[in-house]
Amino acid sequence: MSIMKQIEALYTQRGVRARELRQAGEKVIGYFCCFVPEEIITALGLIPFRIQGSQREPIDEADTLLEPMACPFARSCFNMALKGQYEFLDGFVAPHSCDTIERMYHIWRSNTPSPFNHLINVPHMMGPSSAEFYKNELHYFAGCLETFAGRKLDLEKLRQAVRLYNRRRALLRELYALRKAVPPRVSGTEITKVLVAGMGIPAAEHIDVVRAFIDEVQQRPAPRPDGLPRIFLWGNEIDDIAFIELVESCGAHVVMDDLCTGTRFFWEDVPETDDPFDGLVQKYLCTHCPRSLVPQAGGRADDLENRFGYIREFAAQWKADGAIFYIVRYCDTCELEGPDLKEYLTQQKLPVLMIEDDYSTTTMGQLRTRIQAFLEMIA
Amino acid sequence: MEATQQVKTTAVKGTETAREVRALVKNIYKSAHEAKANGRKVAYMMVASHYDEILRAMDIVPLPTENYAGLCAAKRDMDRFLHKAEADGYSQVLCSYARIGLGFDSLRKELGRIPDNSPDGGMPLPDMMIGSSAVCDPRFKWYQATSRYLEVPTFAIDVVAPPPQADLNQVRDHYIAYQRAQFQGLIDFLEMQTGKQMDPERLWEAIRLGDRAWQLWYDIDRLRVAVPSPMPSQDHFSIMVAGHYYSGTQTAVDFYQKLYDEVKHKAENKIGVTAEEKYRILYGGGLPPWHTLWIFNYFESFGAVFAIENVYRGFDPVQVPSHVQDPVDYLAWRAFLRATRYHDQARTRSGSPAVEKLLGLIADYAIDGVVFHACRSCRATTIGQTHIKSELGKHCDLPMMQLVSDMVDLRDYSEAQWKAQIGAFMDALAARARRA
Ligand code: SF4
Ligand code: SF4
């Protein structure tokens, strides 16, 4: 099978590999968002599986148990669980990312409990005491997971897991570097498939996939200059290609992102510290996500720079011509962050289109005109 | 605006003392304006963050921005602020309290003064803003966004609570240690802003007053088990002002003492809210519809009285161990014990502290039916209602209903639909009464 076919299969049939592994006697631990260190799960010999929703399936069953004004990504995940599509999970781990995930943890746990269920409290504040608290939460999580797995966490194995995931992070950064070319060597749609494909398989297997994919891309003939605008994408959960495909089909290249399903989860390495928990805390707690509050730094301008400077660098290095925000509706922290980031990027002379959407492919058609108008404006 | 301001929003109160709350509310904004004029520090703040006593001990005048949003709704003067925030790019589904706050601050900045005829004179410019992660996400994020309109030192603290399944013996220490560090961080921030050291004795004094007021408030609620109900939920939505906005002051203690005496008198003399109390309702959760509080009187017209409620309710009193000698430690312990009050009970039955609390209220207050209010823009108090409703149904057989609107945004409210729903609910209550 060609590498693209393999990625396509992993992307479309997301639980297949996890089910296979389970049949072979492995235990699969489902988790949400960017705040659950997969390294701990892997070091205990378990398979981490990042829970995703489906923008293509209507949310039908969840509405009788979960209010429709909850984030539709979360509702979609729960909807799939109710329909038995996550029956292969031996464990269910939710970080306290936001109000919705925290509330949903209890609802999920009581309606479709897994043999192992756990909520990790993640501080919203950043600072030494938050790091200490999160470290304690990770120790408590690891302890509970040890009991479930029936084995002790070996710190050497945890160090190995840190190195393994850092290898994957480095490879993904290498892949992203191919997007710097003008035009980019690889499309945003392909990138999304590669990333989402990796969420449902062990990291070691994903590393092979990404390596093979990079090799394949490097053999492609260099694309001819097309003058199409280059887009930076900001938002929360985009685990389906529909939106990015739409932007690209309107005549643009999606070249860089700051998304829960993009750079946000892999960009920074876990520092290799003596106590591996320290490294995990350093990386995961500083994940750039609107749900974490960056302490105020000076006046408004300094504060915006402190919060969003990394995005300015992303946009500059990937030569973005404009930014599109894709906010899954009802995500309060993103809804509050969006206007600030828009102000900052506009000051940097980067035009912004802010879209709020329902995490559903059925609404894509309505977005086309707005995207086209935006692309014409920045062309 | 003129036309909508004519519309009645308030409810007829059951107690005399509740009628005095209006003055307390006015005084929040009046004293903030006076404080500004006298050079005292004023802070935007979030209620129920367990830090009230620290503010009082440091002489900070609190300006509760959520309350201001509720006030605007009760005055039916929210649209100009909501629309302004939306015009500035805030989503129509973002917490409407936050939208009103942002809209108000945006308009004030644009005009260079407080918008004309703002309810109760409007909020003066704060010297600082203090958010918190207690209860919901917008409460720690909103002030960061506000810095777009006013540049003042902004700070926030985490308020953490373990999930009910956590082994409290294993997590207690790190939760309390973190909570303590967060409070200490706030104290350090305030010391820097005011140039004054915090006096532990003053903090103890504020804690003593805070605990006393909340104990009285709890005692008042316990009196409300009386039949007929001596004080309905619409009064609760007023009288909570003392506990949440005056916590740590003598004013709150005096107010609740007076209310206690009145409610006790009513309970002992069987003076009820309505002439004939047919049904006793539990307000199961969700923020109240500030725009339409008269709806409680509408229920009463059918003989249905809201005997007790599960929102803005004072935390049950907790016993901090006597070895805790430092006031900041005390605050951290108290926050932890409040948050885990129903955890042990939950583990032995429903798994949910919220369900346990409601089951307790249903039994103690001889409840006949439960009403929830889903607020479209408040995730924190709405998500889980449907689930709680269905879990409750496993342990008791009562008519329950969920009304849907928003705490302030009228665009999500339909009077006709509510009245139809309430009619059906009354039928269910009547059918249940016949069966009994
Ligand atoms: S998109 Fe926002 S609301 Fe939804 S799960 Fe992520 S952080 Fe929570
Ligand atoms: S989301 Fe709800 S709890 Fe949070 S500030 Fe808004 S109204 Fe209050």
Side-chain angles (χ1 to χ4, degrees), chain A residues 63-71 96 98-100 102-107 109-111 117-119 121 123-125 127-130 132-133 135-137 139-140 143-144 290-291 293-296 299-300 303-304 307 327 329-340 342-343 354 356, chain B residues 88-95 98 102 131 133 135-138 140-142 144-145 147-148 151 153-158 160-167 170-171 173-175 177-178 180-182 184-185 350-352 354 374-380 382-387 390-391 402:
Chain A
D63 280 354
T64 57
L65 292 160
L66 185 61
E67 285 74 11
M69 37 66 81
C71 147
H96 185 160
C98 59
D99 290 337
T100 298
E102 194 269 341
R103 302 293 189 281
M104 193 188 59
Y105 167 75
H106 303 289
I107 302 173
R109 185 183 187 285
S110 120
N111 285 284
N117 305 279
H118 195 93
L119 179 88
N121 229 329
H124 289 292
M125 303 304 140
S129 65
S130 311
E132 189 60 31
F133 174 76
K135 187 174 169 185
N136 279 310
E137 279 291 281
H139 273 296
Y140 180 57
C144 294
R291 59 77 62 203
L293 191 79
V294 180
Q296 188 184 34
R300 174 78 176 164
D303 192 45
L304 289 181
R307 283 162 65 193
I327 300 174
R329 203 185 305 277
Y330 303 117
C331 177
D332 284 305
T333 57
C334 272
E335 310 263 26
L336 280 164
E337 188 99 320
D340 276 359
K342 183 173 178 182
E343 175 186 319
M354 188 152 74
E356 181 189 58
Chain B
D88 284 2
Y90 293 100
S91 161
Q92 227 199 75
V93 302
L94 172 67
C95 161
L102 289 161
S133 73
V135 186
C136 77
D137 298 336
F140 71 83
K141 197 76 186 163
W142 160 1
Q144 184 182 54
S147 70
R148 184 172 171 192
E151 286 192 38
T154 305
F155 194 79
I157 64 161
D158 254 324
V160 283
Q165 294 78 25
D167 178 346
Q170 283 198 55
V171 302
D173 287 353
H174 75 258
Y175 272 79
Y178 184 45
R180 195 205 186 283
Q182 290 292 293
Q184 189 59 51
S350 66
S352 157
C375 294
R376 193 181 62 131
S377 77
C378 177
R379 253 59 69 200
T382 299
I383 298 176
Q385 281 183 13
T386 316
H387 171 66
S390 81
E391 290 297 303
Q402 187 185 40

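Throughout, protein chains are lettered first and strands after them, A, B, ... in sequence-line order, and every chain is numbered starting at 1.
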Exercise. If we only count heavy atoms from C-beta on, is the A/Glu137 to B/His174 side-chain gap below 4.5 Å?
Worked result: yes
Problem set entry | Candidate pair A/His124 and B/Lys141, rule side chain to side chain contact (heavy atoms under 4.5 Å, CB included), full reasoning | CA-CA 10 Å; A/His124 289 292; B/Lys141 197 76 186 163; over 6 Å; no
Exercise. So what's closer than 4.5 Å to chain B heavy atoms on A/Glu356: side chain, backbone, both or neither?
Worked result: side chain
Exercise. Side chain, backbone, both or neither: which part of A/Pro128 has a non-hydrogen atom closer than 4.5 Å to chain B?
Worked result: neither
Seminar exercise, completed: Residue from B/Arg180, B/Gln385, B/Glu391 scoring the most non-hydrogen pairs under 4.5 Å with chain A is B/Gln385
Seminar exercise, completed: Answer key: most heavy-atom pairs under 4.5 Å with chain A among B/Ala145, B/Ser91, B/Cys375 is B/Ser91
For this session: Kindly say whether A/Arg300 contributes a backbone atom to a donor-acceptor pair with the side chain of B/Glu151 at under 3.5 angstrom?
Result: yes
Exercise. What distance separates A/Glu102 CD from B/Cys136 SG, expressed to the nearest 0.5 Å?
Worked result: 12.0 Å
Exercise. From A/Asp63 CG over to B/Thr386 OG1, what is the distance, rounded to the nearest 0.5 angstrom?
Worked result: 9.0 Å
Exercise. Is the closest side-chain heavy-atom distance between A/Met125 and B/Phe155 below 4.5 Å?
Worked result: no
Problem set entry | Heavy-atom check, side chain of B/Gln165 versus side chain of A/Asn117, under 4.5 Å | no
Problem set entry | Min side-chain heavy-atom separation A/His96-B/Val160 under 4.5 Å | no
For this session: Check whether any side-chain heavy atom of B/Ile383 sits under 4.5 Å from a side-chain heavy atom of A/Met104, and report yes or no.
Result: no
For this session: Select one option (side chain, backbone, both, neither) describing which atoms of B/Ala166 are under 4.5 Å from chain A's heavy atoms.
Result: both
Exercise. Where does the angle between the aromatic ring planes of A/Phe133 and B/Tyr175 fall among parallel (under 30°), tilted (30 to 60°) and perpendicular (over 60°)?
Worked result: perpendicular
Seminar exercise, completed: Output for pair (A/Asp340 CG, B/Ser147 OG), nearest 0.5 Å, gives 6.0 Å
For this session: Decide yes or no for A/Ser110 and B/His387: does some side-chain heavy atom of the first lie under 4.5 Å from some side-chain heavy atom of the second?
Result: yes
Exercise. How many angstroms lie between atom OG of B/Ser133 and atom CG of A/Leu293, to the nearest 0.5 angstrom?
Worked result: 9.5 Å
Exercise. Given side chains that start at C-beta, do those of A/Ser130 and B/Gln182 come closer than 4.5 Å, heavy atoms only?
Worked result: yes
For this session: Could you tell me whether a side-chain N or O of A/Glu67 sits under 3.5 Å from a main-chain N or O of B/Gly384, the two making a donor and an acceptor?
Result: yes
Seminar exercise, completed: To the nearest 0.5 Å, atom CG of A/Asp99 lies from atom SG of B/Cys378 at 8.0 Å
For this session: Identify which part of B/Asp173 has an atom lying under 4.5 Å from any heavy atom of chain A, answering side chain, backbone, both or neither.
Result: neither
For this session: Taking A/Tyr330 for its side chain and B/Arg379 for its backbone only, find out whether a donor-acceptor pair lies under 3.5 Å.
Result: no
Exercise. Heavy-atom distance under 4.5 Å to chain A: side chain of B/Ile157, backbone, both or neither?
Worked result: backbone
Problem set entry | Which atoms of B/Gln170 approach chain A - backbone, side chain, both or neither, heavy atom under 4.5 Å | side chain
For this session: May I ask you to test the B/Tyr90-A/Leu336 pair for a side-chain heavy-atom distance under 4.5 Å?
Result: yes
For this session: Using a cut-off of under 4.5 Å on heavy-atom pairs, state which of B/Ala98, B/Pro153, B/Ala374 scores highest against chain A.
Result: B/Pro153
For this session: Give the member of B/Leu102, B/Asp167, B/Asp88 that has the highest number of heavy-atom pairs under 4.5 Å with chain A.
Result: B/Asp167
Exercise. Is it true that a side-chain atom of A/Gln296 and a backbone atom of B/Thr154 form a donor plus acceptor pair closer than 3.5 Å?
Worked result: yes
Seminar exercise, completed: Looking only at B/Pro138, B/Ala181, B/Ser350, most heavy-atom pairs under 4.5 Å shared with chain A are made by B/Pro138
Exercise. Quick one: CG on B/Leu94 to OG1 on A/Thr333, what's the gap to the nearest 0.5 Å?
Worked result: 10.0 Å
Exercise. Where is the tightest heavy-atom contact between A/Pro123 and B/Tyr178, given as atom of each residue plus distance?
Worked result: CB-OH, 3.3 Å
Problem set entry | N/O donor-acceptor pair under 3.5 Å between B/Asp137 side chain and A/Cys98 backbone | no
